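Heads up, the thing below is written out as structure tokens.
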Amino acid sequence: MRIDVITIFPEFFGVLDVSLLGKARESALVETQVHDLRESATVKADGSPDVHRTVDDAPFGGGAGMVMKADVWGKAIDRVLMPLGVLVIPSPAGVPFTQSLAAELSHAPQLVFACGRYEGIDARVAEHYADQGYRVLEVSLGDYVLNGGEVAAFAIIEAVTRLIPGFMGNAQSIVEESHADGLLEYPSYTRPASWRGIDVPEVLLSGHHARISEWRRAQQLARTRALRPDLLPPED
Ligand code: SAM
């Protein structure tokens, strides 16, 4: 998979070099390129040079804050978006990012992340690329507002890339985890079997695989019911 990130803070993505994502990049499963949006802001819309490399302007219709310019974003995206690429625009007004969306995106040949700042990106950018036939996804990390799209882009990149076949050392670990089957994961424990007066549930020490599976399933249901009842199908 190829991942392109466009941002005014390319240094933020030094984080891509750490953790499992670093290993996947070394093994060529994922190729990432980070682009400075200001490289596409050296010339103004009228063709004159822009020494300030301006990426934002006041909103039409008035109001607080600044909006990121469509002409600058258009140039930056045109430089990297491939024919089957998906344009991902992080936005608090987007569709909620979920494990099933992550799984879907893990099959895309290319993801291009447009990281907004200020009041966001001129709305015509999403409209234009959708009109051109590209898949354009405005995606929200949750019901809160961040300062920029970088944290959201990184979270999406991490969730998507770990689902690429061959990425995880142990493929089973992405099958048995929260949200893989719509439920939260069961609680996990390791040695010592007793810690500060709290014992690991007896069944896990029994070596009885069928009983362990049964216990884990019951825990998944109980935990989901207690912490995230919204994930459970409605009862008749
Ligand atoms: N004016 C925008 C609104 O009210 O919808 C908020 C802009 S926010 C300050 C700046 C940028 O941060 C957004 O363009 C987006 O890229 C990113 N952002 C903020 N919250 C986000 C969220 N919950 N999920 C994804 N991206 C977010």
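Position 1 is the first residue of the sequence; numbering continues from there. What you see is a predicted model, and the numbers here were worked out from it, not measured in a lab. In listed order, ligands and their atoms are each counted from 1.
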Heavy-atom proximity to atom 6 (C) of ligand 1, picking from Gly148, Gly120, Pro92, Pro90, points to Pro92
Tell me the nearest of Leu141, Asp143, Val88 to atom 24 (N) of ligand 1, using heavy-atom distances.
Leu141
Starting from [atom], find the nearest protein heavy-atom neighbour and note its residue, name and distance.
| atom | result |
| --- | --- |
| atom 25 (C) of ligand 1 | Ser91 N, 3.3 Å |
| atom 8 (S) of ligand 1 | Leu146 O, 3.3 Å |
| atom 1 (N) of ligand 1 | Glu119 OE1, 2.9 Å |

Which bit of Ile89 gets closer than 4.0 Å to ligand 1, counting heavy atoms only: side chain, backbone, both or neither?
neither
Region of Asn147 engaging ligand 1 - heavy atom pairs below 4.0 Å
backbone
Does the distance from a Lys or Arg side-chain N to an Asp or Glu carboxylate O, for [X] and [Y], drop under 4.0 Å?
| X | Y | answer |
| --- | --- | --- |
| Asp46 | Lys44 | no |
| Glu202 | Arg211 | no |
| Arg217 | Asp181 | yes |

Holding to salt bridge (Lys or Arg N to Asp or Glu O under 4.0 Å), I want the full list of residues that pass it with Arg53, two or more places apart in sequence or in another chain.
Glu39
How would you list, by chain and number, every residue that makes a salt bridge (Lys or Arg N to Asp or Glu O under 4.0 Å) with Lys75, sequence neighbours excluded?
none
For [X], the ligand 1 atoms whose distance to one of its heavy atoms is below 4.0 Å:
| X | value |
| --- | --- |
| Val145 | 8 (S), 9 (C), 20 (N) |
| Gly142 | 23 (N) |
| Gly149 | 12 (O), 16 (O), 17 (C) |

Please check whether Ala152 reaches ligand 1 - meaning an N/O of the residue sits under 3.5 Å from an N/O of the ligand, judged on distance alone.
no
When you compare ligand 1 with Tyr144, is there at least one nitrogen or oxygen pair between them that comes in under 3.5 angstrom?
yes
Does NZ or CZ of Arg216 fall inside the cone over Tyr186's six-membered ring, less than 6.0 Å from its centre and within 45° of the axis?
yes
Is any side-chain heavy atom of Ile77 less than 4.5 Å from a side-chain heavy atom of Val125?
yes
Does Val139 come within less than 4.0 Å of ligand 1, judged by its heavy atoms?
yes
Mind checking whether Tyr118 has a heavy atom under 4.0 Å from ligand 1?
yes
Counting distance only, does the side-chain N/O of Glu185 pair as donor-acceptor with the main-chain N or O of His179 below 3.5 Å?
no
Show the nearest heavy-atom pair for residues Phe97 and Leu105, with the distance to one decimal.
CE1-CD1, 4.5 Å
